[in-house]
Amino acid sequence: MITSCQIYRKLEAMELLQSSPPRWWPGAGTFEVVVGAVLTQNTTWKNVEKSLLNLEGHLTLENFLSLDEERLKNHIRPSGFYNQKAPRLISLAKQIAHDFHTFEHFQTDVSREWLLSQKGVGPETADSILCYGCFRNEMVVDSYTKRVLRQYGVVLSDYHEYKAFLENGITAHCREDINLIFSRFHGMIVEYSKKMKLKA
DNA sequence: GGCCAGGTGTAAA
DNA sequence: TTTACACATGGC
């Protein structure tokens, strides 16, 4: 079976991230990633961008906490499921402030288990926040990932298996900045899937 | 007009 | 433990 490292090299040769930030996710390393990761659940990034634009000026932990639920619902309406996402985002932000006090402390101290215990945060959202928001060595698995891997003949059963397949093939061969590689790897997977219009 | 999108939580079988 | 369903807007 092909390794994830070999897939990485193939994607890299396609120059898919030429017009992207170094870590692909816009605003990597900021609280904006937390908001974007929740908003993009079962939603196109185009619609998330509209919401993030509406939230201009509120995309730090402190400023986000000044929003009331109704105003937040209104801002994030374009990315759908706003009756669920608004209260979950407010709860998440409050818990971050309560348990870590600042976003910087959250970045260094949060665990995957802590994130998974929050309502509205499943494995993909947790890994997105850890990888792109906290620069941790955690690979994100999403629906695009499964489509691309299927192209290369890799079909696995659950989230953890895909994550392990991707991470193990890289860490076994790579001595560089793992977070940067993981960040770009997932970004290339998404861009490749979009470019090729791969279907579920 | 129908189908799908960078998931998650809950309830029933 | 597995499967089904709700959640909602916007682009094609």
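Letters go in sequence order (proteins before strands), and every chain restarts at 1.
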Novice: Between C:dA8 and B:dG1, how far is it from one P atom to the other, in whole Å?
Specialist: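 Comparing P positions in C:dA8 and B:dG1 gives a spacing of 23 Å.
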
Novice: Can you build the contact string for nucleotides 7-13 of chain B? Use B for base contact, S for sugar-phosphate-only contact, and - for no protein heavy atom under 4.0 Å.
Specialist: BSSS---

Novice: Does atom NZ (A:Lys119) have a neighbourhood of more than 12 heavy atoms from anything else shown, all under 6.0 Å?
Specialist: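 Result for NZ/A:Lys119: open.
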
Novice: CG of A:Asn54 versus P of C:dT9: gap in Å, rounded?
Specialist: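 Checked: the CG to P distance equals 14 Å.
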
Novice: Examine distances only and state if a side-chain atom of A:Glu124 and a backbone atom of A:Val140 form a donor-acceptor pair shorter than 3.5 Å.
Specialist: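 No; zero donor-acceptor contacts below 3.5 Å.
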
Novice: Using only heavy-atom distances, determine whether the side chains of A:Ser157 and A:Glu161 contain a donor-acceptor pair under 3.5 Å.
Specialist: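 Result is yes, a qualifying pair exists.
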
Novice: Applying a 4.0 Å non-hydrogen cut-off, can you work out what A:Lys50 is touching in the nucleic acid: base, sugar-phosphate, or nothing?
Specialist: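 Sugar-phosphate, backbone atoms only, no base.
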
Novice: Ignoring backbone atoms, test whether A:Arg147 places a side-chain nitrogen or oxygen under 4.0 Å from the OP1 or OP2 oxygen of B:dC4.
Specialist: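 For B:dC4, neither OP1 nor OP2 has a side-chain N or O of A:Arg147 closer than 4.0 Å.
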
Novice: Give a yes or no on this: more than 12 heavy atoms of other residues, nucleotides or ligands lie within 6.0 Å of atom CD of A:Glu62.
Specialist: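 No - once you tally the heavy atoms of other residues, nucleotides and ligands closer than 6.0 Å, there are 12 at most.
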
Novice: Distance to the ring centre below 6.0 angstrom and angle to the axis at most 45 degrees; does that hold for A:Arg23 and A:Phe135?
Specialist: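 Relative to the ring axis of A:Phe135, which defines the angle, A:Arg23 lies inside both limits.
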
Novice: Whether A:Tyr82 contacts C:dC7 is assessed here as follows: a side-chain N or O lying under 4.0 Å from the phosphate OP1 or OP2. Is that the case?
Specialist: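 So the side chain of A:Tyr82 is outside the cut-off, no N or O lying under 4.0 Å from OP1 or OP2 of C:dC7.
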
Novice: Can you figure out which of C:dA8, B:dA5, C:dG10 approaches the side chain of A:Asn47 most closely?
Specialist: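 Output: C:dG10.
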
Novice: Could you tell me the separation between the CG atom of A:Leu39 and the C1' atom of C:dC7, rounded to a whole number of Å?
Specialist: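 Distance check: A:Leu39 CG to C:dC7 C1' gives 14 Å.
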
Novice: Among all residues two or more places apart in sequence or in another chain, which pass the salt bridge (Lys or Arg N to Asp or Glu O under 4.0 Å) test with A:Glu138?
Specialist: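 Here the qualifying residues are A:Lys163.
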
